[in-house]
Amino acid sequence: MIKLVYGALLSTAMMLAASKNNLMAQTQTKTSMEEQNNHSIIFYKTIEINGQIIFYREAGQPNKPVILFLHGFPSSSRMWQPLLEKLSADYHVIAPDYIGFGHSSQPAADSFDYTFDNLAEYISKFITQLSLEKFILVQQDYGGPIGMRIAEKHPEKVQAIIVQNAVSHKEGLSSLWDTRKAFWADKEKYYGAVKKNFISLEATRQRHIGSTPTPEKISPDTYTDEYLFLNKPGMADIQLNLFHDYQSNVNLYTQWQEWLRKNQPKLLVIWGKYDPSFTVAGAWKYKDDVPEAEVHIVDGGHFALDEAEPEILSLMQNFLRRIIIEK
């Protein structure tokens, strides 16, 4: 009788223990899934620097390798959203809007110094305020000259650079830049004509379409949203001030090339071959400075993510895995 009672009690205890273990396992699994889901959630944040608001997108765990995404013209951090969502499980991803872009402050053209030096200075202070000690730079278009200024100022922080249609060599500038140089030489003379073209729907569309044989792959939302942005009151003057200063970037090309040759960063270059402004030759020139650079030409335009997102994501993931392992 005693044996039967003891056996029943032992069986009940074992069942309770198993039930408790199962409940704990379910709780841990639920917590793990919630944490994993939280890593892929994009948070939309702002910080204040020198009285100006910088908006940024952020996701992933702070203890993961940091990737800092720098956008182009006339886009914003929004262009990186698909990559932020897909990379946030393994990386701490951050993408700011420059002053004058996206959801960041947009002070009037006559009350703020819209130069690449100044925008880079704000991003440098953004990096300091977020306490980013090490990061991988991803830079497209305007993100290139801003990113290279950051790299020059903080070489010890840059673990690697990923370039997507961002020029650091004169060979990368297409023939379209010949007429743009006239604007640099005489701003007042060409201001009206350049402004009219700058904010036109056709020019905005062409930046995305380029010479692609499959324009139907490109969502019209990309360029119509940018067209509306450029036609906001005062925005054309903001952007023309910055565009006039683009010549400062060209003047720094040889200095950036020297930085690349000296520092030999881990470098991945992804280039949309249908870009009307930046030539494929500009992609290959990076290998003159960094022979070990990886260069990939994809079926896409200036905003190559419009058409080649899966390929670009794969190239980036493979590159990032290798450099993290090597580090």
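This structure is a prediction, so every number in the text was calculated from the model and none was measured.
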Quick one: does [X]'s side chain have a donor or acceptor within less than 3.5 Å of a partner on [Y]'s backbone?
| X | Y | value |
| --- | --- | --- |
| S88 | L84 | yes |
| T204 | S200 | yes |
| N118 | D113 | yes |
| S174 | S277 | yes |
| Q206 | G210 | yes |
| Q264 | R261 | yes |
| S111 | A108 | yes |

Identify whether [X] and [Y] are in the same connected component of the hydrophobic contact network (ILVMFWY, side-chain heavy atoms under 4.5 Å).
| X | Y | result |
| --- | --- | --- |
| L130 | L137 | yes |
| Y253 | L70 | yes |
| L87 | L132 | no |
| I146 | I54 | yes |
| Y91 | M316 | yes |

Give the ring-plane orientation class for [X] versus [Y], where under 30° counts as parallel, over 60° as perpendicular and anything between as tilted.
| X | Y | value |
| --- | --- | --- |
| Y246 | W184 | parallel |
| F69 | W80 | tilted |
| W177 | F278 | parallel |
| F101 | Y142 | perpendicular |

Over all atoms of both residues, closest heavy-atom pair of [X] and [Y]:
| X | Y | value |
| --- | --- | --- |
| Y114 | P107 | OH-O, 2.6 Å |
| P96 | S77 | O-CB, 3.8 Å |
| L230 | M235 | O-CB, 3.7 Å |
| D299 | A308 | O-CB, 3.9 Å |
| W271 | G282 | CH2-C, 4.0 Å |
| L119 | Y98 | CD1-CB, 4.1 Å |

Apply the test side chain to side chain contact (heavy atoms under 4.5 Å, CB included) to residues K187 and N241: give CA-CA distance (whole Å), side-chain angles for both, the deciding distance (0.1 Å), then the verdict. CA-CA 9 Å; K187 184 178 181 180; N241 278 4; 3.0 Å; yes
For the [atom1] atom of [X] and the [atom2] atom of [Y], what is their distance to the nearest 0.5 Å?
| X | Y | atom1 | atom2 | result |
| --- | --- | --- | --- | --- |
| T128 | H154 | OG1 | NE2 | 5.0 Å |
| I67 | I136 | CD1 | CD1 | 5.0 Å |
| D225 | Y227 | CG | OH | 13.0 Å |
| R57 | I42 | CZ | CD1 | 8.5 Å |
| E202 | Y223 | CD | OH | 9.0 Å |

Check the surroundings of atom [atom1] in [X]: do more than 12 heavy atoms from other residues, nucleotides or ligands lie under 6.0 Å from it?
| X | atom1 | answer |
| --- | --- | --- |
| E216 | CD | yes |
| K287 | NZ | yes |
| K189 | NZ | no |
| E258 | CD | no |
| E292 | CD | no |
| R180 | CZ | yes |

Less than 4.0 Å between a side-chain N and a carboxylate O, is that true for [Y] and [X]?
| X | Y | value |
| --- | --- | --- |
| D306 | K217 | no |
| E294 | R322 | yes |
| R207 | D275 | no |

Have [X] and [Y] got a donor and an acceptor in their side chains that come within less than 3.5 Å?
| X | Y | value |
| --- | --- | --- |
| Q52 | E48 | no |
| E171 | T279 | no |
| H92 | E58 | yes |
| Q139 | H71 | no |
| S175 | D178 | no |
| K232 | Q106 | yes |
| R78 | T222 | no |

Is there a ring-ring contact (aromatic ring centres under 6.0 Å, His included) between H169 and Y286 once you walk through the steps? CA-CA 8 Å; H169 306 79; Y286 280 99; 5.0 Å; yes
Looking at residues at least two apart in the chain, or sitting in another chain, which of them share a salt bridge (charged side-chain N to carboxylate O under 4.0 Å, His left out) with K153? E121
Go through the structure and list residues passing salt bridge (charged side-chain N to carboxylate O under 4.0 Å, His left out) with E133, not counting sequence neighbours. K157
Kindly determine whether V269 and H296 satisfy side chain to side chain contact (heavy atoms under 4.5 Å, CB included), including the steps that lead there. CA-CA 6 Å; V269 180; H296 299 270; over 6 Å; no
Just jot down the ring pair (Phe, Tyr, Trp, His ring centres under 6.0 Å) partners of H103, sequence neighbours excluded, or say none. F55
Quick one: are the ring centres of F198 and F73 less than 6.0 Å apart? yes
Strictly under 6.0 Å, is that where the ring centroids of H244 and Y191 end up? no
Determine whether K86 and E309 satisfy the following criterion, salt bridge (Lys or Arg N to Asp or Glu O under 4.0 Å), listing intermediate values before the conclusion. CA-CA 11 Å; K86 294 176 176 65; E309 180 194 320; 3.1 Å; yes
Between V167 and V250, is the side chain to side chain contact (heavy atoms under 4.5 Å, CB included) condition met? List the steps. CA-CA 9 Å; V167 172; V250 179; over 6 Å; no
Any salt bridge (charged side-chain N to carboxylate O under 4.0 Å, His left out) pairs touching residues 90-102, not counting sequence neighbours? none
Please identify which of these residues, V298, I297, N165, meets the side chain to side chain contact (heavy atoms under 4.5 Å, CB included) condition with K273. I297
Transitive ILVMFWY cluster of L176, excluding itself - 4.5 Å side-chain cut-off: none
Taking the hydrophobic residues Ile, Leu, Val, Met, Phe, Trp and Tyr, and joining any pair whose side-chain heavy atoms are under 4.5 Å apart, which ones share a cluster with I53? none
Under 4.5 Å between any side-chain heavy atoms of N249 and W256, yes or no? yes
